[in-house]
Amino acid sequence: PHVGDTLVTSDVQKVDSLVKLLNKEYERRKKKFVDYSGSYVEYNNNNTEKEPLMIVVLNAFESFQESFSRNQEMFDILFRDGAKYGITFIVSTSVANAVRNRVAQSFENKVCMKMADDSIYRDLLNAERGLVPAAKYSRGVATVGEDVLEIQGAYICEKEKINNTIRSTAKYLQDAYKMKAPKLPVLPDICKVEDVLFEMKDLTTIPIGIEINSLEVYVYDFLANKVNLVVANYIENHMNFVYGLTKEFLLNDGVKLKIVDVLGKYEGNYEGAEVFKDNFDGVITNISNELANDGANPGKTIYMILGIGE
């Protein structure tokens, strides 16, 4: 539950989404913490509603840099200031200078496994001359508090049981925690109700799609106006949008939905939706009477007229 999403550098849309998310979250927290000395810790210590710690793991950062060098400046800022706002990075690389020296100084904890050049331990960790790891499997040198020490890596369990241990631990955590880290927002090939439903609270926040640039779910307040007009050149080509609205309306408790299908194109079969396909004069008269009597309960009944121009 703690892992919101994973991505690879070939998935350009997801990487771009990550960059936007990090930049937006950084700016949001910076403004939110301004009255708390710009400190994540200070804010959480003085508020009952806590901000979660965000951890970003970048594996093989040198490859990421090659593909997304345009984002280098932004990551330099996040590496330097992110921890202050509760955005922490764990970065792995096989190239010692993948992270610029001035930026590398911002990392409080550094771990060097066996390197070909012993001078790297001094340059990166400020280790004493001669402090190099023994030629043994998984030995390294790391900063531990204010000290620089030789370390020994270890498996989390017996080697042959690693996969099963990870799976069982993940299941235990999923059962133990009700909250889940959100997935990265992406623009799906086909936007389904299930992709946007998490934003719906009631009829004032009905999701109608995903905004292309921000990738945020756009919601519409259907109670703000008594009449809401949906326009398309050929509504016949957008019936899936109509079915999506139908499904969302009916998910709201106590809402009745009446559909007047002037076009004769509605083929949805949703429990709770009453569909009228003929005797339109009588139907409209009944709707007028119902509206006159329903003034005290706005939003109780929704009337959807398909092809009102007909």
Side-chain angles (χ1 to χ4, degrees), residues 1-9 11 14-61 64-65 68 71-93 98-100 102-112 124-125 140 142-147 151 153-154 156-157 165-186 198-199 214-217:
H2 299 78
V3 180
D5 218 331
T6 57
L7 58 151
V8 293
T9 52
D11 195 339
K14 263 196 172 183
V15 173
D16 286 342
S17 180
L18 172 66
V19 170
K20 288 179 183 177
L21 175 70
L22 290 174
N23 194 40
K24 182 178 178 180
E25 187 66 13
Y26 171 74
E27 293 297 334
R28 184 187 71 82
R29 293 188 178 204
K30 191 160 69 168
K31 291 177 182 176
K32 191 171 186 177
F33 300 164
V34 70
D35 293 332
Y36 300 89
S37 304
S39 168
Y40 166 78
V41 174
E42 188 74 14
Y43 175 86
N44 275 355
N45 284 343
N46 289 279
N47 286 274
T48 53
E49 186 178 334
K50 313 297 185 185
E51 284 285 349
L53 177 66
M54 179 181 286
I55 300 176
V56 184
V57 181
L58 295 174
N59 189 29
F61 184 64
F64 183 87
Q65 267 189 315
F68 300 95
N71 298 312
Q72 178 66 55
E73 187 175 343
M74 190 203 79
F75 275 102
D76 285 352
I77 294 172
L78 287 172
F79 289 163
R80 186 187 66 220
D81 299 332
K84 183 179 179 182
Y85 301 108
I87 304 172
T88 298
F89 287 85
I90 300 174
V91 179
S92 76
T93 175
V99 179
R100 299 174 189 175
R102 61 182 176 82
V103 179
Q105 294 172 9
S106 304
F107 286 83
E108 187 174 337
N109 302 305
K110 301 170 197 166
V111 178
C112 273
L124 191 60
L125 305 179
T143 55
V144 181
E146 296 181 357
D147 299 321
I151 62 165
I156 59 173
C157 62
T165 299
I166 291 173
R167 288 194 189 96
S168 61
T169 303
K171 185 178 185 311
Y172 168 78
L173 292 172
Q174 191 156 355
D175 293 339
Y177 290 87
K178 301 305 177 188
M179 297 180 67
K180 190 179 188 306
K183 296 179 74 67
L184 283 172
V186 293
F198 65 92
E199 288 286 3
S214 67
L215 297 179
E216 293 183 350
V217 176

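Owing to the predicted nature of the structure, the values given are computational and were not obtained by experimental measurement.
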Closest heavy-atom pair, G86 versus L53, reported as atoms and distance to 0.1 Å, is O-CD1, 3.5 Å

In terms of heavy-atom contacts, T9 and V15 come closest through CA-CG2, 4.3 Å

Between Y26 and the options Y85, F89, Y40, the ring-ring contact (aromatic ring centres under 6.0 Å, His included) test singles out Y85

To the nearest 0.5 Å, atom CG of D147 lies from atom CG of L125 at 12.5 Å

Checklist entry - Looking at side-chain heavy atoms only, is the closest gap between I55 and H2 below 4.5 Å? => result no

(message) Under a 4.0 Å threshold between the charged nitrogen and the carboxylate oxygen, would E27 count as salt-bridged to K31?
(response) no

Those residues at least two apart in sequence (or on a different chain) that pass side-chain contact (heavy atoms from CB on, under 4.5 Å) with Y36 are E42, Y43, N46, N47

Here the gap from N45 atom CG to K50 atom NZ, rounded to the nearest 0.5 Å, amounts to 6.5 Å

- prompt: Between F79 and F61, does the ring centre distance come in under 6.0 Å?
  reply: yes

Output for pair (E73 CD, L78 CG), nearest 0.5 Å, gives 11.0 Å

T93 and A98 have their tightest heavy-atom pair at OG1-CB, 3.3 Å

Sorted by chain and number, sequence neighbours left out, side chain to side chain donor-acceptor pair (under 3.5 Å) with D5 holds for K14

Nearest heavy-atom contact between A181 and V3 is CB-C, 4.1 Å

Here the pair of heavy atoms bringing M179 nearest to P1 is O-CB, 3.7 Å

Tightest non-hydrogen contact, residues K110 and A104, listed as CE-O, 3.1 Å

Rounding to 0.5 Å, atoms NZ (K183) and NZ (K180) come to a distance of 6.0 Å

One should read off an interatomic distance between D81 CG and R29 CZ, to the nearest 0.5 angstrom, of 14.0 Å

Check: Does K171 come within less than 4.0 Å of D175, counting only side-chain N to carboxylate O?
Finding: yes

* To do: Return yes when atom OH of Y172 has more than 12 non-hydrogen atoms of other residues, nucleotides or ligands closer than 6.0 Å, and no otherwise.
  => no

Passes side chain to side chain contact (heavy atoms under 4.5 Å, CB included), L21 versus L215? Steps please.
CA-CA 10 Å; L21 175 70; L215 297 179; over 6 Å; no

Residues at least two apart in sequence or cross-chain that pass salt bridge (Lys or Arg N to Asp or Glu O under 4.0 Å) with E199, listed by chain then number, are none

To the nearest 0.5 Å, atom CG of L58 lies from atom CG of L7 at 8.5 Å

Check your understanding: Is there side-chain contact between F75 and F68, with heavy atoms separated by less than 4.5 Å?
Key -> no

